[in-house]
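Here is how names work: the chains are called A, B, and so on, in the same order as the sequence lines, proteins then strands, and each is numbered from 1.
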Amino acid sequence: MPFVPHTEDDIRDMLKTIGVQDIEDLFDEIPQQLRCGTLEGIPQGMTEQDVSRLMHERASKDGQPLCFIGAGAYEHHIPAAVWELVTRGEFYSAYTPYQAEASQGTLQLVYEFQSMMTELMAMDVSNASLYDGASALAEAVLMAIRANRKSKSRRILMPTNVHPAYRATTRTIVTNQGIELVEVPFDNEGGHLNLDSLEAYSGEDIAALVIAQPNFFGVLEDVDALTDWAHANGAMVIAVANPVAAALLKPPGQWGETGADIAIGEGQPLGVPLSSGGPYFGFMCARQNFVRQMPGRIVGRTVDRDGREGFTLTLQAREQHIRRSRATSNICTNQGLLVTAATIHMSLLGAEGLRRVALASHANTRKLVDKLANDHIRLRFNRPYFHEAVLTTELSLDGLVRPLYAHNLQPGYMLNDDYPELGESLLVCATETKSDADLDRFADHMARAIEKQTTAGHPVQPKMA
Amino acid sequence: MPFVPHTEDDIRDMLKTIGVQDIEDLFDEIPQQLRCGTLEGIPQGMTEQDVSRLMHERASKDGQPLCFIGAGAYEHHIPAAVWELVTRGEFYSAYTPYQAEASQGTLQLVYEFQSMMTELMAMDVSNASLYDGASALAEAVLMAIRANRKSKSRRILMPTNVHPAYRATTRTIVTNQGIELVEVPFDNEGGHLNLDSLEAYSGEDIAALVIAQPNFFGVLEDVDALTDWAHANGAMVIAVANPVAAALLKPPGQWGETGADIAIGEGQPLGVPLSSGGPYFGFMCARQNFVRQMPGRIVGRTVDRDGREGFTLTLQAREQHIRRSRATSNICTNQGLLVTAATIHMSLLGAEGLRRVALASHANTRKLVDKLANDHIRLRFNRPYFHEAVLTTELSLDGLVRPLYAHNLQPGYMLNDDYPELGESLLVCATETKSDADLDRFADHMARAIEKQTTAGHPVQPKMA
Amino acid sequence: MLIFEHSRPGRRAAVQAPDLDGVENDLPAELLREDPPALPEVSEMQVVRHYTKLSQKNFSIDTQFYPLGSCTMKYNPRACNTLAMLPGILARHPLAPASEGQGALACLYELQEMLKEVTGMKTVSLTPAAGAQGEFAGVAMIRAYHDSRNDTARDEILVPDAAHGTNPATATMCGYKVREIPTLDNGDVDVDALRGAVGEHTAGIMLTNPSTLGVFERRIKDIADIVHQAGGLLYYDGANLNAILGKVRPGDMGFDVIHMNLHKTFSTPHGGGGPGAGPVGVGERLEPFLPVPMVGYDGDEYFWLTEKEVPQTIGRLSTFMGNAGVLFRAYIYARLLGREGMHRVAEFATLNANYLMKRLEAAGFDLAFPERRATHEFIVTLKRQMKEQHASAMDFAKRLLDYGYHAPTTYFPLLVPECLLIEPTETESREEIDGFVDAMAKILEEAAEDVELLHEAPHTLPVRRLDEVRAARELDLRWKAQG
Amino acid sequence: MLIFEHSRPGRRAAVQAPDLDGVENDLPAELLREDPPALPEVSEMQVVRHYTKLSQKNFSIDTQFYPLGSCTMKYNPRACNTLAMLPGILARHPLAPASEGQGALACLYELQEMLKEVTGMKTVSLTPAAGAQGEFAGVAMIRAYHDSRNDTARDEILVPDAAHGTNPATATMCGYKVREIPTLDNGDVDVDALRGAVGEHTAGIMLTNPSTLGVFERRIKDIADIVHQAGGLLYYDGANLNAILGKVRPGDMGFDVIHMNLHKTFSTPHGGGGPGAGPVGVGERLEPFLPVPMVGYDGDEYFWLTEKEVPQTIGRLSTFMGNAGVLFRAYIYARLLGREGMHRVAEFATLNANYLMKRLEAAGFDLAFPERRATHEFIVTLKRQMKEQHASAMDFAKRLLDYGYHAPTTYFPLLVPECLLIEPTETESREEIDGFVDAMAKILEEAAEDVELLHEAPHTLPVRRLDEVRAARELDLRWKAQG
């Protein structure tokens with residue numbers, strides 16, 4: 001019996017203690033007509049050996065391609081120590097630290113995490129994590145609506161150069177509460193949010209402006225001017241930040257005159273493997289005065305009966321298990337194990353390490369863009385970018401991209417569906433994990449695909465010179 | 001500086017405390033003319049990311065072939081829990097448990113290991129491990145010479161159906177001490193050690209007889225008769241046992257009238273991955289009265305000052321760090337981490353689990369032999385075998401085997417070099433890890449290789465009917 | 001000692017970051033950070049030591065019995081972790097084309113199928129990242145359903161007063177008002193009160209069955225009929241699914257939508273507070289509204305179902321597909337268990353709970369519902385001990401820690417005073433349960449003889465009882481660099 | 001509690017063993033076992049809990065500072081483990097043809113090359129499974145060399161009196177007599193005594209340099225000349241190689257053969273007592289006798305060198321190629337360190353040792369060789385404390401455990417009374433060393449004020465001081481089933 005330790009003797013004795021004949025008797029309060037059958041749709045149990053074999057086969061089927069996709073999830077080097085520590089049973093199989101005295105390991109670690117995230121974002125406070133970057137943005141929007149005392153509106157300015165999935169997720173989560181997400185278009189030449197496009201809203205009652213740095217296209221925003229514009233108009237600023245980039249770029253807490261009000265983002269680049277999209281974690285930092293409006297768990301330092309330092313969950317009155325229908329969010333489970341990974345990762349990399357990762361990634365993407373750019377492919381936007389860039393072509397992008405899959409190479413994320421207005425465009429990213437040989441391999445395969453398309457039966461003339 | 005935590009401040013202050021100017025000054029007792037240069041032959045250091053990439057490339061180059069080689073190292077299922085626990089820092093990075101109070105984890109585990117091994121072998125005492133099976137045989141030979149008070153000779157009967165590498169290793173280690181290894185041939189039909197071939201030594205002064213069960217060919221020996229013969233002739237019996245098979249076969253302690261005197265073997269089948277041949281571990285069990293002649297570490301149970309149960313290394317007076325030139329062996333480091341794996345593995349499998357592994361492995365090999373046997377290939381020996389068997393052919397074995405490598409299939413161990421008298425013979429093994437589809441794949445490829453050799457330009461007629 | 005306190009300026013784990021030979025920074029100065037963040041500057045060994053030692057300060061399933069009601073703290077098979085961490089699984093980018101991820105998608109698709117079968121629902125979406133997000137998706141689908149029928153007056157979600165806090169919080173997040181339904185003394189929902197509460201404002205009801213009171217809601221069919229007849233839908237909170245796995249299916253009870261906590265019933269690790277996974281299953285009516293992405297299969301190839309294929313979807317709940325790594329672990333667990341194993345989960349969880357309940361009763365503890373069967377959990381009330389000895393549920397909980405047992409869930413459900421909600425799960429042995437009974441009996445003696453021992457507990461942990469009031473008043477939420 | 005005490009008849013970790021559907025046992029009954037061995041019958045969770053909790057009772061490098069002289073307990077980089085455990089590395093059968101193992105063989109070949117460079121030897125064989133086996137191989141090669149020249153009267157190996165116990169034990173295993181050479185008060189070998197000892201019976205000398213006394217043997221060149229002129233060869237015990245890595249090479253000092261402890265200098269884990277790896281390197285004279293297998297390379301392909309290619313080899317030392325997994329870890333470590341990193345190992349190990357030595361001296365401890373430089377280790381003698389306060393080296397060692405430090409090596413080398421051999425290694429930070437000094441100073445105070453505290457130590461560990469005499473007298477070496 002998998003994972004059931006009972007012997008025949010145990011079962012007999014235990015039933016006797018309970019005073020029933022049979023295990024089935026224990027289900028006698030369930031109406032008989034509701035009882036289900038034998039679950040024919042579920043396969044027979046397998047031994048660990050057979051499941052192991054199955055998973056090895058599936059894993060090797062998907063292989064380990066050379067991947068230049070970024071678009072919100074980034075392949076970075078993760079020190080081996082990170083997951084060897086994270087998967088220790090005492091972290092891996094521990095419960096939420098409600099019994100503080102029996103959870104000082106996790107609690108101190110989360111306190112350290114909060115300290116690191118506030119340092120990285122240059123903000124006052126951090127929570128203990130949310131599900132991921134997109135849902136963190138949704139929670140930030142709800143929080144801004146609660147926190148912005150100056151605003152009576154339920155309107156949020158949401159630039160369309162924010163990650164499409166972040167916008168979609170936010171829509172799903174906030175619209176039932178009557179919140180309006182006003183989409184603000186990006187600048188066609190720069191890919192950034194042009195201050196001009198905000199002027200239409202000057203003087204209006206706006207609860208918050210969302211600013212992504214870098215934005216979905218990798219383009220860098222003029223965060224100072226945008227932040228100051230928002231504050232001048234009584235709107236809060238919700239920063240969407242890449243935490244690795246934050247070691248290099250001006251952090252949200254230092255944007256404009258007074259800094260962003262809330263900073264959220266995807267924590268995945270901090271030591272979390274790609275793993276088909278999750279589990280990752282969302283982080284959220286804020287100014288001190290908004291701490292009671294924050295969703296999610298927060299750990300505080302305190303003392304025990306003997307005056308010894310200790311750590312505990314705090315401000316629980318915000319949370320659903322206390323406040324029920326008046327909670328700041330229904331969030332309950334967070335992404336504790338990923339926070340564990342990120343905390344260990346940040347300790348190993350340090351500020352200098354993260355800065356190097358950011359710079360090396362950016363340099364690689366620059367190199368890649370140079371290698372790929374030619375008569376048929378060019379950089380789409382003219383603004384500075386960070387470690388990710390949009391390339392555009394007059395050729396069929398699908399026709400260029402598909403042949404590369406067969407060579408175990410994933411060249412980037414195609415923007416056609418999300419941004420039809422950008423034509424045949426590809427978002428590429430080369431992190432510090434890519435060698436020069438990798439970049440050359442990409443460029444060579446791409447050149448071959450272009451040649452094929454431009455010669456054999458596809459005599460497309462370049463539109464650009 | 002990899003793995004060096006010193007900051008510039010640290011270095012300056014520490015040098016000051018020491019009273020020198022420079023780290024180089026600390027090496028001033030080394031004659032200047034001996035100082036070495038810059039080690040040009042060593043490559044530059046790499047980041048973990050780059051080494052990781054290198055190792056992934058090398059690992060994937062060697063791939064994960066379908067392997068039917070046994071010959072002393074066996075692919076068995078290893079529960080995931082085993083190595084997730086073994087690589088916990090507290091086991092992985094601990095020192096030898098000389099400070100018993102700070103090593104109760106390792107010490108208790110070794111005590112449990114000794115208990116399990118003695119149960120499995122049906123012997124009285126076990127040590128805490130030796131390097132591997134072959135070196136354990138060498139140590140057993142040395143031990144028998146010390147322990148056999150009845151014998152004045154330094155002669156050991158060593159059947160040639162004992163693993164060739166075990167015999168070679170024993171030769172390397174014992175011959176400098178003037179010990180003679182007398183090779184006894186195996187039976188040509190059965191592959192076993194025929195009692196007749198021992199009769200030549202009846203009445204002679206022999207220190208010990210080595211008996212492998214199963215022997216190198218997988219053939220099962222008549223252990224009872226052999227053991228009784230040895231004891232009747234004043235020789236000790238050294239059993240070479242497969243520990244998984246010992247859950248199914250009569251254990252060494254029950255051989256003949258009084259049982260083997262020393263049982264050794266390769267511990268690898270108990271939860272240790274193949275890993276190119278090591279680290280594995282050798283086990284050694286013996287009768288109680290030989291315990292002070294055993295080499296290697298031994299853990300005993302005792303009490304502390306408060307009467308609490310505790311564990312400690314014991315009988316250290318046998319060992320080199322106390323007894324120096326009069327020690328039972330020069331062995332010092334053993335294979336502690338592998339013992340950790342084996343102990344956890346045996347706990348998870350239990351007696352019933354090991355018996356099932358043994359039976360399933362054996363059944364698979366039988367199936368494989370049936371599938372492979374045909375006009376050109378037949379079983380070489382006519383005695384019962386366990387989970388490994390010698391196949392022989394009149395064709396060119398090399399010609400049959402090589403094409404299979406290209407299909408990522410390793411069909412077995414070729415005996416041509418070790419046993420030229422067996423002609424074109426292959427030792428095959430199919431453990432419980434092999435599915436019916438795997439066996440069919442082997443058989444299909446082999447059939448194709450035979451067809452190729454027997455038709456296209458190789459019109460070899462079968463000699464056997 | 002905080003990791004920051006091991007920090008020294010200029011120290012680095014040197015092999016972990018790339019060299020910057022020849023890398024130039026072309027970014028405009030005004031966009032750059034001037035002062036580096038004060039992250040720790042430590043060596044690799046310091047990191048390994050610090051976090052290894054921190055981990056040892058935790059209780060965990062791998063080290064302790066956790067009879068934590070409603071949380072289903074059972075053994076997390078190590079194979080689920082090892083296999084979900086295979087390099088080929090970890091390396092897959094979420095936006096890699098489906099054609100290049102057939103191995104991963106096959107696992108997810110088969111998990112969807114197994115969850116359908118085990119819950120009796122028509123379709124399953126795996127994307128919710130946790131139970132609360134599954135709840136959100138469920139109620140949002142109920143809303144989308146009514147909206148699609150222009151049935152927009154329904155603005156109320158009914159919730160039993162014993163429900164998890166997430167239930168009312170979720171209803172609020174979906175823009176609903178919450179109306180509580182009382183519970184009878186025997187633990188069942190007050191069906192008459194329910195009958196009085198339903199009407200044209202009823203969007204639906206959120207129920208757990210077995211309920212948070214540790215008993216099976218016997219009149220579930222009546223409840224379903226009453227709500228359905230009023231035009232509302234039934235939401236099943238799958239927190240307690242472990243109790244009925246393979247015995248009775250929410251779909252057969254009449255539920256329209258269910259979320260499952262895979263980190264409970266499917267044994268994925270709690271990880272010190274997550275990640276979880278909260279897939280949702282629905283009956284026919286809610287199928288068009290399921291959150292995306294889901295995995296489809298045409299008999300030949302697996303593919304993603306997104307907004308295109310599910311145009312009425314409530315939408316996305318996270319950037320990619322939710323907590324895929326958790327789903328892989330649940331998939332592996334489900335394959336290990338198989339059909340027979342699923343049945344046994346409920347059987348032995350229930351056997352353990354009823355045995356433990358009887359033994360605690362015999363040891364002198366008061367049960368909240370002594371006349372009922374325990375499901376996978378049950379409630380002890382310490383009202384009497386509180387009154388007679390000033391020994392509270394919290395005191396018992398903290399003292400249990402000294403005996404090496406994690407505390408049961410305390411003060412939940414709110415309806416039962418001084419309660420302990422106790423769930424042993426199927427993976428604990430009888431000896432472990434007996435040991436827990438012995439500890440509880442000992443604490444009962446201690447309460448009578450020296451109640452201070454309880455008030456002062458725990459005594460043997462890294463810290464004594466913590467000052468929670470101070471934590472909330474004098475907020476200290478981060479380390480700050482000196483000076 | 002032993003794992004056996006969790007056992008119950010019929011309990012199993014059910015997913016771990018194959019089903020036996022349709023499997024028949026065709027083996028003759030007389031060869032079969034009648035009674036199953038009494039291995040534990042436990043659940044998977046019980047195993048995980050038991051061994052997780054056991055592990056927590058250990059000190060280890062990942063949790064404690066281990067200033068253990070001669071053992072070089074330094075940080076074992078986690079990457080070395082993770083990468084040596086890649087499925088493709090673990091799966092390779094040792095007898096798989098070399099053509100199918102080019103990745104693994106490349107690593108081993110490159111490790112051979114790096115070890116050659118760092119020791120200054122001509123050829124390296126990786127096959128010895130540990131230091132003691134490397135020693136054996138070394139002395140066996142010396143013997144094979146003399147034998148090959150029919151120089152068979154040489155029956156004596158010289159060993160300084162301060163040597164590791166393995167040295168004389170090894171000489172005995174190779175059939176040699178052992179002759180001890182005294183040490184001068186300054187820690188150097190008594191060269192005059194050596195000169196008097198060498199002769200036609202001298203097969204060779206076994207030396208560690210730096211010696212076990214923690215000092216560099218300054219007259220090593222004289223020693224080499226004396227032994228060589230007498231027709232003997234020089235064996236270098238590589239236990240202390242960490243002290244000189246990249247600074248001075250045994251080959252340049254005149255040694256003919258060396259073993260290296262990769263679990264010391266190359267940071268592979270000690271694993272609670274192994275596995276180690278003890279590669280041997282030789283100069284030209286001993287090259288023909290190296291143990292097999294080794295890895296060769298023709299510029300295109302890697303291949304095994306065995307008895308065929310090395311006909312004069314002393315032979316094999318283990319079934320396959322030794323502790324390959326340890327060698328992979330050492331290889332990875334060496335690649336991480338690189339050329340510059342190798343130099344820094346010795347530099348910072350030496351810096352730490354000299355700093356710690358000076359600080360302990362300032363704290364009132366007596367050094368065995370106060371006028372000498374420490375190498376990577378040094379010796380404190382507690383002769384004075386023993387005399388004045390009855391505080392022995394063992395008392396200090398046990399009391400250090402209470403302060404969270406592993407004890408230094410005690411009572412070795414045998415020459416120095418009440419000694420502690422202290423080696424901090426390069427991976428420890430200055431703060432950690434300072435903390436150790438503080439603890440030592442505190443214990444010195446305790447010895448003066450309340451020596452019983454030391455005699456009774458340790459006080460805070462899972463057990464107090466153990467009765468070793470009873471352990472050896474009333475042998476209890478295994479659990480036995482009751483009745």
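Listed options A:Q49, A:E48, A:E84 were ranked by heavy-atom pairs under 4.5 angstrom with chain B; first place goes to A:Q49. Note: A:D438 leads A:D50, A:D438, A:T87 in heavy-atom pairs under 4.5 Å with chain B.
Residue-level contacts of residues 343-350 of chain A with chain B do not occur; threshold 4.5 Å between heavy atoms.
Residue B:S435 touches chain A through both its backbone and its side chain, counting heavy-atom pairs closer than 4.5 Å. For A:H76, no part lies near chain B; criterion is any non-hydrogen pair under 4.5 Å. Contact annotation for A:I78: only backbone heavy atoms (N, CA, C, O) come within less than 4.5 Å of a heavy atom of chain B. At a 4.5 Å heavy-atom cutoff, the contact between A:E432 and chain B is made by backbone and side-chain atoms alike.
A side-chain donor-acceptor contact under 3.5 Å links B:R53 to the backbone of A:T433. Under the 3.5 Å distance criterion, the side-chain polar atoms of B:R88 are left unmatched by any main-chain donor or acceptor of A:L85.
Annotation: B:E8, atom CD; neighbour count of heavy atoms from other residues, nucleotides and ligands within 6.0 Å does not exceed 12.
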